[in-house]
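Because the structure is predicted, anything quoted here is derived from the model rather than measured.
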Amino acid sequence: MLKISEIDLGSALLSTFILIGFIATAFVFIRLTIIGINYVKANFPKGDKKNKNEKKNESKKN
């Protein structure tokens with residue numbers, strides 16, 4: 001009977017660590033998604049391309 005409880009304990013520990021691994025992987029994907037969204041927002045601002053072109057033209061004229 002001692003071996004059966006050792007197997008159950010080992011199986012429970014293994015299942016717990018596998019579950020923790022899945023949860024940690026989900027957090028990593030969520031974090032990478034947030035970082036990617038922030039990167040896109042910072043480097044590709046939504047806005048006036050006309051104003052940028054006008055500013056470039058003004059700086060070239062001066």
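To the nearest 0.5 Å, the span separating CZ on F27 from OG1 on T25 amounts to 11.0 Å.
For L19, the side chain to side chain contact (heavy atoms under 4.5 Å, CB included) criterion is met by I23, not counting sequence neighbours. With sequence neighbours left out, the side chain to side chain contact (heavy atoms under 4.5 Å, CB included) criterion links I30 to I34. By the side chain to side chain contact (heavy atoms under 4.5 Å, CB included) test, L14 pairs with I18, sequence neighbours left out.
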